[in-house]
Trainee: 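There's a structure below that I have some questions on.
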Amino acid sequence: MENLMFVYWSCKVIWTVLVTILGYASSLPVGEDALCTAEELAKYRIIFTGKWSQTAFPKQYPLYRPPAQWSSLLGVTHSSDYSMWKKNEYASNGVRDFAEKGEAWALMKEIEEAGEKIQSVHGIFSAPAISSGTGQTSTELEAHLRHPLVSFVVRIVPSPDWFVGIDSLNLCEGDHWMDEVSVDLFPYDAGTDSGFTFSSPNFATIPQDTVTEITCSSPSHPANSFYYPKLKILPPIAQVTMVKIKKSQLGLSAPFINLPAKSNEIIDTVSETPLDCEVSQWSSWGLCRGVCRETGTKIRTRFVLLQPANNGMPCPNLDEETGCEPENCV
């Protein structure tokens with residue numbers, strides 16, 4: 001009997017210890033940020049560089065109404081309990097509004113509500129828009145020991161619902177904050193509009209699709225503005241750099257940078273993307289012209305859909321002639 005009681009109490013003690021440990025673990029932040037043991041706060045300058053040039057992306061490059069440009073940057077520092085957007089998951093209403101129309105109010109409200117409910121947000125930051133495809137904008141952000149992740153979005157203008165951004169980049173490496181990090185950015189489709197080209201009219205995707213990366217071969221459709229089947233990967237359309245501000249500099253506020261990018265910083269570092277000529281299908285054959293009882297000729301034509309660029313394949317002949325028997329001869 002005494003042995004049974006000893007086993008019972010031993011099991012109860014072990015169970016109590018396990019419950020205590022599990023309860024403590026559940027109160028910790030989830031994900032990689034749980035391992036951050038760096039100083040409590042870190043301040044960074046974030047610099048967004050647009051690399052959307054006609055040299056790198058010649059197909060259907062927007063030159064007017066409106067020309068190629070970038071929306072303002074909207075970002076947040078947070079813990080792993082919050083996600084602004086995520087590849088292969090559905091975009092929120094706020095991300096949809098921002099990706100389609102550049103409207104930030106719904107997205108900011110979502111961020112604020114997440115911060116109030118689960119204390120997952122440390123701060124919101126933004127940077128001015130860029131009025132051309134190539135250029136820079138910057139701002140400052142503050143990361144926290146329990147909120148070391150950075151996420152942001154920038155809308156591609158014009159576009160149906162395309163954007164670039166970062167999802168949950170961890171600035172903390174164990175016991176220290178990263179001094180500097182640079183990331184190449186590529187276009188994403190928010191999955192809320194079905195347009196293929198930069199200037200496509202609004203055409204809602206029903207049912208809504210998930211956020212997907214746009215590549216040189218996906219969507220696999222010749223009308224797609226980023227469709228370059230001869231490339232293995234698209235060149236980066238933008239880049240973001242985050243530089244930790246030293247303590248001695250924390251009292252100094254640097255002005256926003258919103259200047260056209262210098263050619264040797266952006267354009268020259270990107271190889272030219274060749275764009276082959278694209279032509280329409282042949283028309284039907286025209287009437288046979290010629291003298292009766294002699295061989296005549298008939299012609300069919302096609303037209304240029306897309307002019308070649310950057311040493312791409314030139315356009316083929318746009319008309320073709322063949323022999324025929326003249327019709328309605330007496």
Trainee: With a 3.5 Å distance limit and no angle check, can you tell me whether Thr205 reaches the backbone of Ser194 through a side-chain donor-acceptor pair?
Mentor: yes

Trainee: So Asn93 and Arg96, side-chain contact (heavy atoms from CB on, under 4.5 Å) or not? Walk me through it.
Mentor: CA-CA 5 Å; Asn93 291 336; Arg96 178 200 63 200; 3.4 Å; yes

Trainee: What's the shortest heavy-atom distance between Pro235 and Ala56, and which atoms?
Mentor: CG-O, 3.9 Å

Trainee: Are Phe198 and Trp52, when compared by the centres of their aromatic rings, separated by less than 6.0 Å?
Mentor: yes

Trainee: More than 12 heavy atoms of other residues, nucleotides or ligands under 6.0 Å from CG of Leu63: yes or no?
Mentor: yes

Trainee: According to a 4.5 Å side-chain heavy-atom criterion applied to Ile, Leu, Val, Met, Phe, Trp and Tyr, with indirect links allowed, do Leu73 and Val153 form part of one hydrophobic cluster?
Mentor: no

Trainee: Quick check against the 3.5 Å criterion: does Asp161 have a side-chain atom that pairs as donor or acceptor with the backbone of Thr192?
Mentor: yes

Trainee: Roughly how far, to the nearest 0.5 Å, is the CZ atom of Phe48 from the CH2 atom of Trp70?
Mentor: 4.5 Å

Trainee: Would you call Met242 and Glu180 a side-chain contact if the rule is heavy atoms closer than 4.5 Å?
Mentor: no

Trainee: With a 3.5 Å distance limit and no angle check, can you tell me whether Thr77 reaches the backbone of Gly123 through a side-chain donor-acceptor pair?
Mentor: yes

Trainee: Just wondering, do Ser280 and Arg302 contact through their side chains at under 4.5 Å, heavy atoms?
Mentor: yes

Trainee: When you measure from the side chain of Arg155 to the backbone of Glu100, do you find a donor-acceptor pair of N or O atoms at a distance under 3.5 Å?
Mentor: yes

Trainee: Are there more than 12 heavy atoms of other residues, nucleotides or ligands under 6.0 Å from atom CD of Gln281?
Mentor: no

Trainee: Output the distance between atom CG (Asp97) and atom CE (Met108), rounded to the nearest 0.5 Å.
Mentor: 13.5 Å

Trainee: Do you reckon Leu107 sits in the same ILVMFWY cluster as Val76, going by side-chain contacts under 4.5 Å, direct or chained?
Mentor: yes

Trainee: With a 4.5 Å heavy-atom cut-off, do Leu171 and Val181 have their side chains touching?
Mentor: yes

Trainee: Should Leu185 and Tyr44 be regarded as members of a common hydrophobic cluster, given that ILVMFWY residues are connected when their side-chain heavy atoms come within less than 4.5 Å of each other, either directly or indirectly?
Mentor: yes

Trainee: I'd like to know whether Thr322 forms a side-chain contact (heavy atoms from CB on, under 4.5 Å) with Arg300, so could you lay out the CA-CA distance, the side-chain angles of the two residues, the decisive distance to 0.1 Å, and finally the verdict.
Mentor: CA-CA 9 Å; Thr322 189; Arg300 63 177 181 176; over 6 Å; no

Trainee: Under a 3.5 Å distance rule, please check whether Thr139 uses its side chain to pair with a backbone N or O of Ser126 as donor and acceptor.
Mentor: yes

Trainee: Side chains of Ser79 and Ser120: do they bring a donor and an acceptor to under 3.5 Å?
Mentor: no

Trainee: Does any part of the side chain of Trp285, heavy atoms only, come nearer than 4.5 Å to the side chain of Cys324, both counted from C-beta?
Mentor: no

Trainee: What I'd like to find out is whether the side chain of Tyr228 reaches to under 4.5 Å of the side chain of Pro58, using heavy atoms alone.
Mentor: yes

Trainee: Roughly how far, to the nearest 0.5 Å, is the CG atom of Leu149 from the CE atom of Met84?
Mentor: 12.0 Å

Trainee: How long is the gap from CD1 on Ile166 to CD1 on Ile46, to the nearest 0.5 Å?
Mentor: 6.5 Å

Trainee: Please report the shortest heavy-atom distance between Ala99 and Phe163, naming the atom on each side.
Mentor: CB-CD2, 4.2 Å

Trainee: Given 3.5 Å as the limit, does a donor-acceptor pair link the side chain of Arg45 with the main chain of Glu140, or not?
Mentor: no

Trainee: For the residue pair Tyr82 and His78, does the interplanar ring angle fall in the parallel (under 30°), tilted (30 to 60°) or perpendicular (over 60°) class?
Mentor: perpendicular

Trainee: Any side-chain heavy-atom pair from Pro158 and Pro66 closer than 4.5 angstrom?
Mentor: yes

Trainee: Determine whether a donor-acceptor pair (N or O, by modelled atom type, separation under 3.5 Å) exists between the side chain of His147 and the backbone of Gln119.
Mentor: yes

Trainee: Rounded to the nearest 0.5 Å, what separates atom CD in Gln69 from atom OG in Ser159?
Mentor: 10.5 Å

Trainee: Near Leu41 CG, under 6.0 Å, is it more than 12 heavy atoms from other residues, nucleotides or ligands?
Mentor: yes

Trainee: Find out whether Leu234 and Phe57 are in side-chain contact, i.e. whether some heavy atom of one side chain is under 4.5 Å from a heavy atom of the other.
Mentor: yes

Trainee: Check Ala91 against Val95 and note the closest heavy-atom contact, atom names and distance.
Mentor: CB-CG1, 3.9 Å

Trainee: Look at the side-chain heavy atoms of Ile, Leu, Val, Met, Phe, Trp and Tyr, link any pair under 4.5 Å apart, and say whether Met178 and Phe125 land in one connected group.
Mentor: yes

Trainee: Among Tyr90, Phe152, Tyr188, which residue satisfies the ring-ring contact (aromatic ring centres under 6.0 Å, His included) criterion with Trp85?
Mentor: Tyr188

Trainee: Report the residues that fulfil salt bridge (charged side-chain N to carboxylate O under 4.0 Å, His left out) with Lys86, sequence neighbours left out, ordered by chain and then residue number.
Mentor: Asp167

Trainee: Output, in order, the C-alpha distance, side-chain angles, deciding distance and verdict of side-chain contact (heavy atoms from CB on, under 4.5 Å) for Thr210 and Glu89.
Mentor: CA-CA 5 Å; Thr210 58; Glu89 293 189 7; 5.6 Å; no

Trainee: Looking at every heavy atom in both Tyr227 and Pro219, which two are closest together, and how far apart are they?
Mentor: CD1-O, 3.8 Å

Trainee: Return yes if some donor-acceptor pair links the side-chain N/O of Thr137 with the main-chain N/O of Pro128 below 3.5 Å, else return no.
Mentor: yes

Trainee: Hydrophobic cluster membership, with links at side-chain heavy-atom distances under 4.5 Å among I/L/V/M/F/W/Y: are Phe226 and Val154 in one?
Mentor: yes

Trainee: Counting C-beta onward and ignoring hydrogens, is there a side-chain heavy-atom pair between Pro160 and Ser200 closer than 4.5 Å?
Mentor: yes

Trainee: Can Ile237 and Lys51 be said to form a side-chain contact (heavy atoms from CB on, under 4.5 Å), step by step?
Mentor: CA-CA 5 Å; Ile237 195 170; Lys51 295 188 174 184; 5.8 Å; no

Trainee: Atom CG of residue position Asn88 - does it have more than 12 heavy atoms of other residues, nucleotides or ligands inside 6.0 Å?
Mentor: yes

Trainee: Apply salt bridge (charged side-chain N to carboxylate O under 4.0 Å, His left out) to Glu39 and Lys244, showing your working.
Mentor: CA-CA 13 Å; Glu39 58 184 335; Lys244 186 174 182 289; 3.7 Å; yes

Trainee: Could you check whether Gln60 and Ser225, counting side-chain N and O atoms only, form a donor-acceptor pair closer than 3.5 Å?
Mentor: yes

Trainee: Is the backbone of Asp319 close enough, under 3.5 Å, to the side chain of Asn317 for a donor and an acceptor to pair up by distance?
Mentor: no

Trainee: Indicate the atoms forming the closest heavy-atom contact of Pro326 with Glu294, along with that distance.
Mentor: CD-O, 3.1 Å

Trainee: What's the separation between atom CD in Glu113 and atom CD in Glu110, rounded to the nearest 0.5 Å?
Mentor: 7.5 Å

Trainee: Ignoring hydrogens, what is the shortest heavy-atom contact between Pro148 and Asn170? Give both atom names and the distance.
Mentor: CB-OD1, 3.5 Å

